[in-house]
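Read the structure below first, then the notes.
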There are 2 protein chains.
Amino acid sequence: MTVDDAAGPTLLPPTAMAGRDEPVDRILATSYELFSSRGIRGVGINELISSSGVSKATFYRHFPSKDALVLAFLELRDQVWTVELIVAEARRRGNTPEEQLLAVFDVFGDWFQRDDFEACSFINVLLEMGPGHPLGKASIDYLSRIRGHIQALAEEAGLDRPEEFARSWHILMKGSIISATEGDTLASKRAQQMARWLIEHHRGL
Amino acid sequence: MTVDDAAGPTLLPPTAMAGRDEPVDRILATSYELFSSRGIRGVGINELISSSGVSKATFYRHFPSKDALVLAFLELRDQVWTVELIVAEARRRGNTPEEQLLAVFDVFGDWFQRDDFEACSFINVLLEMGPGHPLGKASIDYLSRIRGHIQALAEEAGLDRPEEFARSWHILMKGSIISATEGDTLASKRAQQMARWLIEHHRGL
DNA sequence: GCCGGGGCGTACAGACCGGTCTGCCTCGGA
DNA sequence: TCCGAGGCAGACCGGTCTGTACGCCCCGGC
């Protein structure tokens, strides 16, 4: 612990830790970049520390193992991607809760077309490590947090059975992400259309 | 080449090559089992050859590299899983093309509950290697074959815009597989309900 | 002025990776 | 009877992996 506390843990997004240059911040920023685009097993510790300009001893002073860093990365990804890039942006774009729900797929549409589109790290890690591995279980937990955001919006919209709604909605989100990875950049539009039907069938009628 | 030709390549499913005991068959059967459940990078050549009771020299006489074996595995997976386990079984269960389409998710429901449920190898390999890697590109190709089966059923059912229909349908398939990997064994039911709505909107009306 | 924590660089250990190569054995056809 | 193709076993190669250890240096507090 040095100067930086009194504000809790330091899991700030890469853009937001511009002013900071502590080793732990460089490690986290680099892990976000490398793990997001190339997966866990695709990035070794040696490349990670050399990319972040940190010695190996320093790395292992802050993180007891690579898996511990991956856990921190997943937490960071939840903040940067799930919360800020997707949920907050969707809430910004829509005026009503229903519009905000549908705006998720507009955000997806923009995201799919970015050249640094790297799919969903939680799905990647889950499939890479398997649901039995601690990192897979952690990924499942973060995926359920995404469902929690959807469920909250469904409740604000007054939809029926919001938990079931969120599970179905999440199927559309994950399926469209895989399709986008295959190259179908219009997958967001297809998913959005099915999402509209899902909303209709969860309105009180 | 020995006794076994005059019937083309030997990519038979594990169950169907009961009588055969050639090294290449043992290699393929073992690779199917190990790659399906633990991914590509999770299985090394040494384990693979010792599990199939084959020497390393023999392995490399039949396959020039590990990637070549993975390509053969994907082809085998297409036969065993896509064609026989999913498409043929769905066609068996339904009487009309529409019923056969919806039966896909009944088959999924049974498959999700198996204790050896191992998700979709094509999605796994695609996310593990990335869409730019040769194995990722091959996986994309096999995924498009799955869409081809769906599109054929849609055409038999006389649905509108069968190619777009198949793309939307495939989103539901892939999304439900990921959800099942997270532990939601009812994902097939949720996807099936959305699939019903999709059919309704692709009928001539 | 000095002392120590934390940073850096790097060498190293031990395991495993894909892939090559050599030797031995067996079996089937001429 | 002999010969060679093909299978088995395993040593070995260079490289990469995670994780440990050691030495040097800088900078800040006393």
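We name chains A, B, ... by the order of the sequence lines, and we start the count at 1 in each one.
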* To do: Tell me which residues in residues 127-139 of chain A put a heavy atom below 4.0 Å from DNA chain D, sorted by number, or none.
  =>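 Contacts with DNA chain D under 4.0 Å: none.
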Identify all pairs in which a protein N or O lies below 3.5 Å from an N or O of nucleotides 17-20 of chain D, and state each distance.
residue: D:dT18; atom: OP1; partner: A:Lys66; partner atom: NZ; Å: 2.8
residue: D:dT18; atom: OP2; partner: A:Ile45; partner atom: N; Å: 2.6
residue: D:dG19; atom: OP2; partner: A:Tyr60; partner atom: OH; Å: 3.1
residue: D:dG19; atom: OP2; partner: A:Lys66; partner atom: N; Å: 2.9
residue: D:dG19; atom: N7; partner: A:Lys56; partner atom: NZ; Å: 3.0
residue: D:dG19; atom: O6; partner: A:Lys56; partner atom: NZ; Å: 2.5

List the residues meeting salt bridge (charged side-chain N to carboxylate O under 4.0 Å, His left out) with [X], not counting sequence neighbours, and say none if there are none.
X: A:Arg38; result: A:Glu47
X: A:Glu33; result: none
X: A:Glu163; result: A:Arg167
X: B:Asp110; result: B:Arg93

* **Atom-pair distance (CD1 on B:Ile27; C1' on D:dG7), nearest Å** =>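 In whole Å, D:dG7 C1' and B:Ile27 CD1 are 11 Å from each other.
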* CD1 of A:Ile49 versus C1' of D:dT16: gap in Å, rounded? ->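 It is 14 Å, rounded to the nearest whole Å.
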* Asked: Using the benzene-type ring in the case of Trp, are the ring centres of A:Trp169 and A:Phe105 under 6.0 Å apart?
  ->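 Between A:Trp169 and A:Phe105, the centre distance is under 6.0 Å.
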* Asked: Does A:Thr181 reach the side chain of A:Phe112, with side-chain heavy atoms less than 4.5 Å apart?
  ->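 A side-chain contact under 4.5 Å is absent here.
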* Asked: Would you say C:dC8 has OP1 or OP2 under 4.0 Å from some side-chain N or O of A:Thr58?
  ->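 For A:Thr58, the contact criterion (side-chain N or O under 4.0 Å from OP1 or OP2 of C:dC8) is met.
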* Asked: Can you tell me if the side-chain N/O atoms of B:Arg61 get under 4.0 Å from OP1 or OP2 in D:dG6?
  ->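 The answer is no; no side-chain N or O of B:Arg61 sits under 4.0 Å from OP1 or OP2.
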* Asked: Would a distance-only check, ignoring hydrogens and angles, find a side-chain to backbone donor-acceptor pair under 3.5 Å from A:Gln79 to A:Glu84?
  ->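 No; zero donor-acceptor contacts below 3.5 Å.
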* To do: For B:Leu153 and B:Pro97, work out which heavy atoms get closest and say how close.
  =>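 Scanning both residues completely, I find the closest heavy atoms to be O-CB, 3.8 Å.
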